[in-house]
Amino acid sequence: KSIDNERLEQLFSKFGSIKSVKVGRHLKTNESLGYGYVNFYDPRSAKMACEKTNGTIKAEPFRGITERIKSIAFTNIYFKNIPDTWTDQDILDFFIKNTSELDGEITSHSIKHNAIGTFGFINFATSEQARFACDKLNGVEIGKHKLYVGRAQKKEERLRIRNRESINKRQKERRDYRIFIKNIPYKLEKNDLAKLFGTFGELTTCFIKINGNGTSSGRAIVGYKSVESATNAIYEMNKAMVQGRMIHVQRAINQNNNNHQRQQRAKPYIYSNYTPINRHYYKPKMVNHEDLENSMLNQNDNEDEHEDEHKDEVGNESGDEAEENEVIIWLKDIVGLPEYGDVFLSEAVEDLQTVKALNKQDLREIGVNKLGHIKKFLNCIETL
């Protein structure tokens with residue numbers, strides 16, 4: 001139980017590239033439950049991990065909750081919706097009679113009668129008898145009553161299954177694909193936002209989040225009918241300039257999801273492996289090694305001929321040096337934090353006009369986490 005996500009990834013990384021890992025933890029205490037999940041990119045890596053893992057950790061292929069529940073061995077069952085006129089002995093005789101094919105034997109029982117109805121628990125001698133009773137009697141109609149018979153579950157398990165069913169129901173009802181937009185201009189209206197993002201496809205929802213005082217929070221949600229439209233909107237509008245502000249567009253993630261899923265929100269690959277038709281990717285060319293060797297030999301033969309030219313170029317190198325980026329100069333001379341130069345350029349902050357649109361949240365996302373540095377940046381941005 002001392003193994004965390006990082007340690008689990010180290011143990012299984014020898015079998016292949018890992019897509020994600022997760023250690024199961026208790027909802028309240030956050031203690032490890034002694035099991036976890038490892039998701040490989042290649043199914044062959046998962047198969048190898050199951051075959052070669054030995055010792056204290058046991059690995060097996062993942063099974064869905066429905067399949068896992070079917071394989072659980074149990075002897076205690078729960079029943080409800082029994083006719084109120086039945087006595088305890090009538091109930092016991094009913095279950096014994098309907099499991100007589102397997103010589104059903106009841107070892108213990110607990111039956112309760114209240115204003116809601118009659119319910120209780122019955123414990124059979126074997127798991128086969130209990131499962132047979134559930135399969136045969138669940139859903140049977142007795143007069144106006146539809147009998148429910150199922151595996152007895154703890155309250156925590158019932159709540160977990162109920163929450164999962166509720167989430168699945170909401171996801172089925174919500175047929176749109178939503179994106180989250182932040183740092184939008186505070187004066188931007190809902191109609192303008194809908195017009196701006198409506199060019200990528202049909203919208204199902206569009207609203208701007210409002211602060212408690214009734215002003216815009218600079219954040220918005222837009223929903224599309226198709227995944228292609230949502231994906232195109234993220235690719236084309238992320239870090240676009242709208243009324244002088246750089247907006248950030250990403251997939252909308254439910255706040256109930258875990259931290260790892262919320263971190264994935266910033267990645268461009270959303271909903272599916274769909275690639276926008278307007279996006280072109282470089283395909284490397286195959287290298288002919290014979291041509292490569294010949295070109296290298298020709299280059300060596302020509303070195304002597306161009307030696308003087310190289311010397312002249314080295315002599316004039318300082319004069320032909322490219323001009324330094326204005327953001328790098330600003331970081332060195334004005335802000336006094338040149339170490340963020342590579343970070344700014346990697347995030348496409350390459351000119352002072354883009355720097356003017358940065359706010360506190362943008363700086364954190366770029367990688368400026370120290371509070372003193374953030375304050376220094378904000379003060380220098382105000383002077384631009």
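When a residue number appears, it is its place in the shown sequence, counting from 1. Because the structure is a prediction, the values reported are computed rather than measured.
To the nearest 0.5 angstrom, Lys370 atom NZ is 11.5 Å from Lys376 atom NZ. For the atom pair Gln129 CD and Ile122 CD1, the distance stands at 12.0 Å (nearest 0.5 Å). Residue Met241 holds its CE atom at 10.0 Å from NZ of Lys356, rounded to the nearest 0.5 Å. To the nearest 0.5 Å, the span separating CZ on Phe119 from CD1 on Ile111 amounts to 11.0 Å. Note that CD of Gln250 is 7.5 Å distant from CG of Asn238, once rounded to the nearest 0.5 Å. Taken to the nearest 0.5 Å, the CD atom of Glu236 stands 5.5 Å off from the CZ atom of Phe200.
With hydrogens and angles disregarded, a donor-acceptor distance shorter than 3.5 Å links the side chain of Thr107 to the backbone of Asn123. No side-chain donor-acceptor contact under 3.5 Å links Asn81 to the backbone of His145. No donor-acceptor pair under 3.5 Å is formed between the side chain of Asn211 and the backbone N or O of Asn213. Between the side chain of Asn183 and the backbone N or O of Met246 there is at least one donor-acceptor pair closer than 3.5 Å. Side chain of Ser110 to main chain of Phe121: no donor-acceptor pair is present (N/O by atom type, distance under 3.5 Å, no hydrogens or angles). A donor-acceptor contact shorter than 3.5 Å links the side chain of Ser217 to the backbone of Lys209. Here the side chain of Tyr177 pairs no donor or acceptor atom with the backbone of Thr231 at under 3.5 angstrom.
If you look at Phe79 and Phe95, their ring centroids are closer than 6.0 Å.
Residues Asn5 and Glu9 form no side-chain contact, since every pair of their non-hydrogen atoms from C-beta on lies 4.5 Å or further apart. For the pair Leu33 and His26, the minimum side-chain heavy-atom distance is below 4.5 Å. Residues Phe94 and Trp86 are in side-chain contact: their nearest non-hydrogen atoms beyond the backbone lie under 4.5 Å apart. Side-chain contact between Val149 and Tyr78 is absent, with no heavy-atom pair separated by less than 4.5 Å. Counting heavy atoms from C-beta outward, Leu196 and Met237 have side chains that approach closer than 4.5 Å. Proximity of Leu363 to Phe344: side-chain heavy atoms (C-beta onward) are separated by under 4.5 Å at one or more points. Counting heavy atoms from C-beta on, the side chains of Asp42 and Ser17 never come closer than 4.5 Å. Looking at Ile3 and Leu11, their side chains come closer than 4.5 Å, going by heavy atoms from C-beta outward.
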Report the C-alpha distance between Ile179 and Tyr224 in whole Å, list the side-chain angles of each, state the deciding distance to 0.1 Å, and finish with yes or no for side chain to side chain contact (heavy atoms under 4.5 Å, CB included). CA-CA 8 Å; Ile179 61 175; Tyr224 288 94; 3.8 Å; yes

Checking Val21 against Phe12 for the side chain to side chain contact (heavy atoms under 4.5 Å, CB included) test, could you report, in this order, the C-alpha distance in whole Å, the side-chain angles of both residues, the deciding distance, and whether it holds? CA-CA 10 Å; Val21 295; Phe12 284 88; over 6 Å; no

Give the intermediate values and the outcome of side chain to side chain contact (heavy atoms under 4.5 Å, CB included) for residues Asn98 and Val140. CA-CA 12 Å; Asn98 284 279; Val140 172; over 6 Å; no

Are Arg25 and Glu31 close enough, and set up right, to give a side chain to side chain contact (heavy atoms under 4.5 Å, CB included), and what steps lead you there? CA-CA 5 Å; Arg25 295 189 177 278; Glu31 293 181 355; 5.8 Å; no

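Nearest approach of Val222 to Cys206, heavy atoms of both residues: CG2-SG, 4.1 Å. Heavy atoms only, all atoms of each residue included: Leu378 and Asn359 are closest at CD2-C, 4.2 Å. The two atoms that bring Ser32 and Val23 nearest to each other are OG-CG1, 3.6 Å, heavy atoms only. Summarising the geometry of Pro61 relative to Cys50, their closest heavy-atom pair is N-SG, 3.6 Å, with the distance given to 0.1 Å. What you find for Leu8 and Lys22 is that their closest heavy atoms are CD2-O, 4.2 Å. In this structure, Arg178 and Ile221 approach most closely via the heavy-atom pair CD-CG2, 4.0 Å.
Within a 6.0 Å radius of NZ in Lys195, other residues, nucleotides and ligands contribute 12 heavy atoms or fewer. Other residues, nucleotides and ligands contribute more than 12 heavy atoms inside 6.0 Å of the CD atom of Gln243. Environment of CD in Glu6: sparse, with no more than 12 heavy atoms of neighbouring residues, nucleotides or ligands closer than 6.0 Å. Taking a 6.0 Å sphere around CG of Asp4, one finds it holds more than 12 heavy atoms contributed by other residues, nucleotides or ligands. The 12-atom threshold is not exceeded at CZ of Arg44, counting heavy atoms of other residues, nucleotides or ligands nearer than 6.0 Å.
Under the 30°/60° scheme for interplanar angles, the aromatic rings of Tyr340 and His373 are found to stand perpendicular. Between Phe377 and Trp330, the two ring planes are tilted [angle within 30° to 60°].
When only modelled atom types and interatomic distance are considered, Ser229 and Asn232 share no side-chain donor-acceptor pair under 3.5 Å.
Cluster membership for Leu137 and Ile91, using ILVMFWY side-chain heavy atoms within less than 4.5 angstrom, is shared. There is no path of hydrophobic side-chain contacts, each under 4.5 Å, that joins Tyr148 to Phe124. Transitive grouping of hydrophobic side chains (ILVMFWY, heavy atoms separated by less than 4.5 Å) keeps Tyr41 and Val38 in distinct clusters. Connection of Ile374 to Leu337 is established within a shared hydrophobic cluster, with ILVMFWY side chains joined at heavy-atom distances below 4.5 Å, either directly or through further cluster members. Connection of Tyr186 to Leu188 is not established within any shared hydrophobic cluster, with ILVMFWY side chains joined at heavy-atom distances below 4.5 Å, either directly or through further cluster members.
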